[in-house]
Amino acid sequence: MTTDGRLARGERTRTSVLDAAIELASVEGLGGLSLSQLAQRLPVTKSALFAHWASKEELQLATIEHAREQFANVVVRPALQSPRGVRRLFAVHESRLRFYADGVLPGGCFFANAQYEYDARTGPVRDRLAEVSAEWLATLERLAREAVQLGDLKPGTDPELVAFGVDAAGTAAVYRSRLHEPDRTYALSRAAVLRLLRPLLTDPTLLPEE
């Protein structure tokens, strides 16, 4: 029981540290993330953090995985409860906008910021960010392909192009909402995806009006 208690406390500490790391990196950048920085913000010593991550790079990679799981839990999985086809694809976009609008992270989006920060670098951190980005685009493409197969989108629709457009509208919302009026930005992003999808619909009632 004592060992189990220590393991549970260790896992809670690890989770709380990674929660803080995502929030901090969304504002300060993933490159500036350090064990010392986190130790100053949390009731935990730097030596205790070293028990979980032996280096800055290990911490950065763990933060990426934690952010990936957070995004999956808060954005993707709830949207997958929507009916299959184009409604599910649009639900993912709306869920993503809701994640930003709710201010879950102080910097808006961990991945948009980290990918911009690391796109010209090399190494394991950049490589893992690229893999997660590709995974997200593949999810959107799969949902678009399902919408074509189910007959929601017209035959000949390019799922990759649809996925690119949906992602681009969401990414634009991240950056614009930090500098311009957020509610208007999210409304424009929503309208942009509806205008992308509506000409491709076989049944116009499948999606809401703008």
**Asked** Going from CG on L197 to CG on L201, what distance comes out if it is rounded to the nearest 0.5 angstrom?
**Response** 6.5 Å
**Message:** Applying side chain to side chain donor-acceptor pair (under 3.5 Å), can you list everything that pairs with Q115, at least two apart in sequence or on another chain?
**Reply:** none
**Message:** Tell me if a side-chain donor or acceptor on N113 pairs with a main-chain N or O of C109 at a distance below 3.5 Å.
**Reply:** yes
**Message:** Membership question, hydrophobic clusters at under 4.5 Å side-chain separation (ILVMFWY): are Y100 and V76 in the same one?
**Reply:** yes
**Request:** Please identify each residue that fulfils side chain to side chain donor-acceptor pair (under 3.5 Å) with D183, with sequence neighbours left out.
**Result:** none
Using distance only, find each side-chain donor-acceptor pair of residues 120-128 under 3.5 Å and give its atom names and separation, not counting sequence neighbours.
from : atom 1 : to   : atom 2 : distance (Å)
R121 : NE     : E117 : O      : 3.4
R128 : NE     : E65  : OE2    : 2.5
R128 : NH1    : E131 : OE1    : 2.9
R128 : NH2    : E65  : OE1    : 3.2
R128 : NH2    : E65  : OE2    : 3.4

**Asked** Excluding sequence neighbours, so at least two apart, what forms side chain to side chain contact (heavy atoms under 4.5 Å, CB included) with Q70?
**Response** I22, V74, F99, V104, L105
**Prompt:** With E135, which residues qualify under side chain to side chain donor-acceptor pair (under 3.5 Å), at least two apart?
**Reply:** R68
**Request:** Working to the nearest 0.5 Å, report the span between OG of S55 and CD of Q60.
**Result:** 8.0 Å
**Message:** Holding to side chain to side chain contact (heavy atoms under 4.5 Å, CB included), I want the full list of residues that pass it with K154, two or more places apart in sequence or in another chain.
**Reply:** T157, T202
**Prompt:** Taking the side chain as C-beta and beyond, is there a heavy-atom pair between E209 and R198 under 4.5 Å?
**Reply:** yes
**Pair V162-E141, side-chain contact (heavy atoms from CB on, under 4.5 Å): steps then yes or no** = CA-CA 7 Å; V162 169; E141 186 175 343; over 6 Å; no
**Item:** Joint hydrophobic cluster, L137 plus V92, side-chain heavy atoms closer than 4.5 Å
**Value:** no
**Asked** Which one of L143, L206, L200, V148 satisfies the side chain to side chain contact (heavy atoms under 4.5 Å, CB included) criterion with V86?
**Response** L206
**Fill in**
Scanning both residues in full, the closest heavy-atom pair of G85 with D152 reads CA-OD2, 3.3 Å
**Asked** Which residue pairs pass the ring pair (Phe, Tyr, Trp, His ring centres under 6.0 Å) test when at least one of the two sits in residues 126-181, sequence neighbours left out?
**Response** F71-W136
**Message:** On a heavy-atom basis, which atom in A114 and which in L30 lie closest, and how many Å separate them?
**Reply:** CB-CD2, 4.3 Å
**side-chain hydrogen bond (donor to acceptor under 3.5 Å, both in side chains) pairs, two or more places apart, involving residues 78-91** = none
**Listed partners of R77 passing salt bridge (Lys or Arg N to Asp or Glu O under 4.0 Å), at least two apart** = E69
**Message:** F90 vs V166, test: side-chain contact (heavy atoms from CB on, under 4.5 Å). Steps then yes/no.
**Reply:** CA-CA 9 Å; F90 186 63; V166 173; over 6 Å; no
**Flag, side chain of S95 to backbone of V75, donor-acceptor distance under 3.5 Å** = yes
**Complete:** With sequence neighbours left out, the residues meeting side chain to side chain contact (heavy atoms under 4.5 Å, CB included) with A173 are L97, T185, Y186, S189
**Request:** Report yes or no: do L80 and L153 belong to one cluster of Ile/Leu/Val/Met/Phe/Trp/Tyr joined by side chain heavy-atom distances under 4.5 Å?
**Result:** yes
**Message:** Could you measure the distance from the CG atom of L89 to the OG1 atom of T139? Nearest 0.5 Å is fine.
**Reply:** 11.0 Å
**Fill in**
Residues A169 and A192: closest non-hydrogen pair is CB-CB, 4.4 Å
**Request:** Can you sort out the partners of D158 under side chain to side chain contact (heavy atoms under 4.5 Å, CB included), two or more places apart, ordered by chain and number?
**Result:** E160, L161
**Asked** Does K56 reach the main-chain N or O of G31 with its side chain, forming a donor-acceptor pair under 3.5 Å?
**Response** yes
**Asked** Does any N or O in the side chain of T171 come within less than 3.5 Å of the main-chain N or O of A168, such that one atom is a donor and the other an acceptor?
**Response** no
**Item:** Verify same cluster id: L207, L140 (apolar side-chain graph, 4.5 Å)
**Value:** yes
**With sequence neighbours excluded, residues passing side chain to side chain donor-acceptor pair (under 3.5 Å) with R142** = E146
